[in-house]
Amino acid sequence: MNRNYLILFLFSLLMTVGGLMTLPPVDRDESRFVQATKQMVETGDYVDIRFQDVSRYKKPIGIYWLQSAAVALSGQGAEAPIWVYRLVSALGIAIAVVGIAWTGTKLFGAKAGLAAGLMMAAIFATAFEGRDAKTDAMLLACCVAAQGALAQIYLASRRNEPVAGHLPWVFWIAQGAGILIKGPVSPLLSVLTVAALFAFERDWRWLLKLKLVRGVALVLLIVLPWVVLITWKSGGAFLQEAVGKDMIAKVAQGEESHGLPPGFYMLTYSLFMWPFGLIAVGAGLQAINRFWDDPRLRFCLAWYIPFWLVFELIPTKLPHYVMPAYPGMALLIGWLLTLPAEEANAPLRRWQSWLWWSTAFGLVVVSIGLAVVCIGAPLYLAGTFSWWSIPAALAALGAGYLAFPRQLQVPLARIGGIAVCAGITFSLLFGVIAPSLRPIWLSPAIKAAVDANRPCETSVLASAPYHEPSLVFLVGTKTMLTDVDGVARHLLDDPACALGLAPVADEKKLNDALVGQGKSARRLAEIDGLNYSSGDKLSLGLYRVDK
């Protein structure tokens, strides 16, 4: 049993290692997180959260502390590369994988735990988030730990068995850590699970085994010290921003152009649960048919369905928001393995068959789509053919083929084969193919140009209109995000050392702003590419004042 946990831990790390070092900063949020952590290391202030001179109070401190610890252990200080920050996310996914295997083992047996762990290690959602230096991977670890302990406490109460003494403390420590990572998400998941169980069973007495008073006191002990410090330091701005603006805005209306109608997570399910989405749906449908017979199934369904429904109703939607619910489905895949074949493969009802075949269609579309992306992305974006595309595409198609079972119950060996094929796809896609798409990685290209043409050690770059947070992280905290006139002023203020970045099409405008001071701009390099965040094609010039 312990050997299974070690195997899964190492397998999960192996699944996420490809791309940690080679993949540039992936999105704006990742760059904002790592830049805020970088500034903590630079300033020694581990209470306040800032992106350059602007406060960043949307999320609590937990992920920044963990990333700061990774930076400290690396010995590279503020110059640590992006992969050091991503180690926290890779570790978070590995902990979640072991945590769901632990839970599955306690509920359904070692074989079920191993199957659940393999599934969690090999879906698209965890593969992506394990390579993205944000909150969601470590949040998943906290959610799995809390829910795993809660499941065992619940099951012991249903069986009139004593509760292991460590379980309540695992639950409450995980809740406290989850709040420090991403606010109320982890407690919300547990509250919705408990509420769903109560709705069907009308029994709340088992909750007394959670040691509520001491548990809540422990959560407050974990969370309050930093909350008090940041509230004092920010003059109350943190609570106003994090709760009043960020959280309430997400619930009340679509925030940051992410407002979408209900049904979004159903449509994206096949991608983010790929390649195990169809197998999970089959297991879930069989669990619904046996809902009243087994409290373990009630818990797993209460883990997934209410959380998913609530987030379908919240206007602001991003695919990773529902990731804490996925482990509930992983457990059901493990459970189905414990049944005799005739029970596990019992016919579904008509509406269930419709849902299963709809999900099967999604599996086919995503498997073919990933294969096409592996081959087509280098051709379309970089104008080259990558030989790594062939094994990546074949692995994607192989995973899809194996994940399209003839029966609902899928043997453990086949689950392992699916996981391996998915791992090959993710490692090549994120570790080799995506980093080779140089036209979309403008910030690394700009950094290379700055490093090659830096006139002084203290040179600062001013950029217009390219304002990606990744540029600040890669080039330096002092990087100025401004307009063309601001670039001209920056060059005039420090003509010996300053560097400016502006569209080549605005070169005349830049020179017109300089000519009044008897200066002109000399183009040192030209960087052409696609800003994947906005979809804009850019041709940028790197400039300094001509001598």
Side-chain angles (χ1 to χ4, degrees), residues 22-28 30-31 35 52 79 81-82 377-386 432-547:
T22 57
L23 198 63
V26 174
D27 64 19
R28 290 174 172 175
E30 179 182 43
S31 298
Q35 176 59 30
Q52 294 190 307
E79 300 304 314
I82 186 74
L379 291 171
Y380 178 72
L381 293 172
T384 60
F385 175 76
S386 172
V432 180
I433 296 170
S436 71
L437 306 178
R438 299 192 182 279
I440 68 172
W441 306 121
L442 277 171
S443 291
I446 294 167
K447 173 180 167 52
V450 169
D451 290 344
N453 295 280
R454 190 186 298 272
C456 311
E457 285 294 324
T458 57
S459 293
V460 173
L461 176 72
S463 176
Y466 186 74
H467 290 173
E468 292 300 310
S470 57
L471 184 66
V472 179
F473 174 73
L474 292 174
V475 177
T477 300
K478 294 181 180 179
T479 300
M480 297 173 57
L481 306 179
T482 181
D483 54 18
V484 174
D485 290 333
V487 170
R489 289 192 297 270
H490 174 65
L491 293 174
L492 290 172
D493 288 342
D494 187 9
C497 295
L499 291 170
L501 187 74
V504 173
D506 288 336
E507 189 170 304
K508 183 178 185 302
K509 180 179 179 181
L510 179 63
N511 271 307
D512 288 345
L514 296 174
V515 73
Q517 301 297 321
K519 304 288 185 181
S520 63
R522 176 159 57 97
R523 192 195 309 166
L524 305 174
E526 184 174 338
I527 304 100
D528 297 325
L530 176 71
N531 184 354
Y532 67 87
S533 294
S534 63
D536 297 330
K537 289 185 177 180
L538 296 176
S539 180
L540 302 170
L542 181 67
Y543 300 94
R544 64 171 298 192
V545 170
D546 203 3
K547 294 181 181 178

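- A pairwise comparison of heavy atoms in Pro444 and Pro24 identifies CG-CB, 3.7 Å as the closest pair.
- Here the straight-line distance linking atom OH of Tyr543 with atom CG of Leu510 works out to 6.5 Å at 0.5 Å rounding.
- The residue from Val475, Leu524, Val460 that alone fulfils the side-chain contact (heavy atoms from CB on, under 4.5 Å) condition with Leu499 is Leu524.
- Minimum heavy-atom separation, Gly541 to Arg523: CA-CG, 4.3 Å.
- Looking at Ser31 and Val472, their side chains never come closer than 4.5 Å, going by heavy atoms from C-beta outward.
- Using a 4.5 Å cut-off on side-chain heavy atoms (C-beta onward), Pro378 and Ile433 make contact.
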Check your understanding: Does the pair Val487 and Asp506 meet the rule for a side chain to side chain contact (heavy atoms under 4.5 Å, CB included), with working shown?
Key -> CA-CA 11 Å; Val487 170; Asp506 288 336; over 6 Å; no
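- Here the CG-CG distance, from Leu514 to Asp485, works out to 10.0 Å after rounding to the nearest 0.5 Å.
- Pairing each heavy atom of Val545 with each of Pro495, the nearest pair is CB-O, 3.9 Å.
- You'll find the side chain of Glu468 reaches within 4.5 Å of the side chain of Ser443, heavy atoms only.
- Counting non-hydrogen atoms of other residues, nucleotides and ligands closer than 6.0 Å to CZ of Phe385 gives a total above 12.
- In terms of heavy atoms, Asn453 sits closest to Ala525 at ND2-CB, 4.2 Å.
- Side chain of Arg544 to main chain of Ala496: a donor-acceptor pair is present (N/O by atom type, distance under 3.5 Å, no hydrogens or angles).
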**OP:** Please assess Leu542 against Val450 for the test side chain to side chain contact (heavy atoms under 4.5 Å, CB included), listing each intermediate value before the final yes or no.
**Re:** CA-CA 8 Å; Leu542 181 67; Val450 169; 4.1 Å; yes
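- The pair Asp493-Arg489 does not count as a salt bridge, with every side-chain nitrogen at least 4.0 angstrom from each carboxylate oxygen.
- In this structure, OG on Ser463 lies 5.5 Å from NE2 on His467, to the nearest 0.5 angstrom.
- Within a 6.0 Å sphere centred on CZ of Arg438, heavy atoms belonging to other residues, nucleotides or ligands number 12 at most.
- Counting only distance, with no hydrogens or angles, the side chain of Trp441 and the backbone of Gly529 share no donor-acceptor pair below 3.5 Å.
- Atom-to-atom distance recorded for Asp451:CG and Lys447:NZ is 4.0 Å, nearest 0.5 angstrom.
- A donor-acceptor pair is defined here as one N or O able to donate and one able to accept, closer than 3.5 Å; such a pair exists between the side chain of Gln52 and the backbone of Thr479.
- A heavy-atom distance below 4.5 Å is not found between the side chains of Asp494 and Thr458.
- Here Leu471 contributes atom CG and Tyr466 contributes atom OH; the two are 6.5 Å apart, rounded to the nearest 0.5 Å.
- Closest non-hydrogen pair, Ala449 versus Ile527, comes out as CB-CD1, 4.1 Å.
- The shortest distance between side-chain heavy atoms of Pro503 and Leu538 does not fall below 4.5 Å.
- Between Leu437 and Tyr532, every side-chain heavy-atom pair lies at or beyond the 4.5 Å cut-off.
- Of all heavy-atom pairs spanning Ala513 and Leu492, the tightest one is O-CD1, 4.3 Å.
- For the atom pair CG (Leu23) and CD1 (Ile82), the distance works out to 9.0 Å, reported to the nearest 0.5 Å.
- Proximity of a side-chain donor or acceptor of Ser459 to a complementary backbone N or O of Cys497 within less than 3.5 Å is detected.
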| said: Please determine whether side chain to side chain contact (heavy atoms under 4.5 Å, CB included) holds for the pair Glu526 and Val504, giving the CA-CA distance in whole Å, both sets of side-chain angles, and the decisive distance to 0.1 Å. | reply: CA-CA 8 Å; Glu526 184 174 338; Val504 173; 3.9 Å; yes
